[in-house]
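Here the structure comes first, spelled out in structure tokens, and everything after it is commentary.
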Amino acid sequence: YRFSRRPGAEGRIRVSFEFFPPKTDEMERKLWETVKRLEPLAPAFVSVTYGAGGSTRERTARTIKRILDETSLTPAAHLTCVDADREAVDAVIGEFARMGVSRFVALRGDPAEGVGAKYQPHPNGYANGADLVGALSRQGDFDVSVSAYPEKHPESPDLATDIDMLKRKVDNGAKRAITQFFFDNDVYERYVERARRAGINIPIVPGILPIHNFLQMTRFAAQCGANVPSWLAERFSGLDKDPVTHQLVAAAVAAEQVLDLVERGVEDFHFYTMNRAELPFAISHMIGIRPSTGTADLSSAAA
Ligand code: FAD
């Protein structure tokens, strides 16, 4: 029944891919292989994350520049408010705009001391994601995405506060929200319904995390408040030292989640790629996304 999805939905499905800026030459080589493998899928955009305290600003900018110079892809620059005054953030926005960036993912960010430390806005800085969206809207006609948390942001007292924050982001000009990763599609669907009731009408794009490494994923999940259902742990149990089966199970799990979302009417998907192409490529294939040249380039698949 999983495969009896709505007829014709494939043609309307769009994907986007998220990368992080590489720290070493080897990571850079790997990222570039990934970008080249995913490029023919013609994603709506590819986004590049921004590190705590602006520590990766240069690396984010360098990665975005390479995407602009060497690919046909549309990059979106993530940007945070951490440890920077308004002037500094505005200067970064200006720098990106001069490079030709027209899309941003606007975030508050986490304290430089790490997730869990109390967030203190810079005294002359933007206080949160909504404030940063306002700054972007004042500086240009940008396409701005923001975060959303179907399972609530860990610092938020309740879901209503979180939805209020999302509403403020929309009022300040956000065009779409991308969710934190989740594994229970009912939770996502309830969140979207609640946002709609609050008058939020922008797309709320599910952020899909293909599980390249189950143990690492559980650490991320604990930090960002994403629930790891016991059935999911059960599927990966015993596979720590069996990468081939782990990969096959990961593809099956993500395909199942994404196909179920397609059945529920979702047409946009954002993939947290972890700079790896295999799972996002396979899952995109499952939902009807094919290389725009018509045939898969198997030579790059083998590289
Ligand atoms: P906001 O939406 O501004 O705030 C999060 C929640 O905290 C709000 O919903 C609200 O309920 C609560 N809150 C905030 N301020 C207040 C207040 N004054 N009073 C009461 N409640 C408040 N991090 C990075 O460092 N770099 C990245 O590139 C990056 N990319 C991301 C991309 C996506 C799609 C997502 C979902 C997250 C990303 N993150 C990134 C992580 C993000 O920075 C953290 O989740 C951070 O803790 C919150 O940032 P935010 O913009 O979502 O915060």
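Quick note: residue numbers are just sequence positions, from 1. Order of listing sets the numbers, starting from 1, for every ligand and every atom in it.
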How far apart are the closest heavy atoms of V144 and A106, and which atoms are they?
CG1-CB, 3.9 Å
Can you confirm, on distance only, whether ligand 1 has an N/O atom lying under 3.5 Å from any N/O atom belonging to Y149?
yes
Hey, is NE2 on H212 packed in by over 12 heavy atoms from elsewhere, all under 6.0 Å?
yes
Hey, is ligand 1 close enough to D162 that some N/O pair sits below 3.5 Å?
yes
Work out whether the distance between some heavy atom of G109 and some atom of ligand 1 is less than 4.0 Å.
yes
Run the numbers for me: atoms of ligand 1, each under 4.0 Å from some heavy atom of N128, listed by number.
3 (O)
Does any N or O of ligand 1 fall below 3.5 Å from an N or O anywhere on L107, backbone included?
no
When S145 is tested against each of K175, R176, H78, H270 for side-chain hydrogen bond (donor to acceptor under 3.5 Å, both in side chains), which residue passes?
R176
Does CZ belonging to R86 count more than 12 external heavy atoms closer than 6.0 Å?
yes
Using a 3.5 Å cut-off on N or O atoms only, is E18 in polar contact with ligand 1?
no
What I want to find out is whether E95 reaches K65 closely enough, with some N-O distance under 4.0 Å, to be called a salt bridge.
no
Between H153 and ligand 1, does any nitrogen or oxygen pair lie at a separation below 3.5 Å?
yes
Taking distance alone, with N or O pairs closer than 3.5 Å, would you say Q180 contacts ligand 1?
no
Side-chain donor-acceptor pair under 3.5 Å between D164 and T161, yes or no?
no
What are the two closest non-hydrogen atoms of E70 and K36, and how far apart are they?
O-NZ, 3.1 Å
Heavy-atom proximity to atom 22 (C) of ligand 1 ranks first, among K169, Q223, M165, for M165
Relative to each other, are the rings of F214 and F236 parallel, tilted or perpendicular (30° and 60° limits)?
parallel
I want to know if ligand 1 touches Y272 in the polar sense, i.e. an N/O pair below 3.5 angstrom.
no
Is there any N or O on R108 that sits under 3.5 Å from an N or O of ligand 1?
yes
Nearest heavy atom to atom 32 (C) of ligand 1: which of R168, H78, K152, E155 does it belong to?
H78
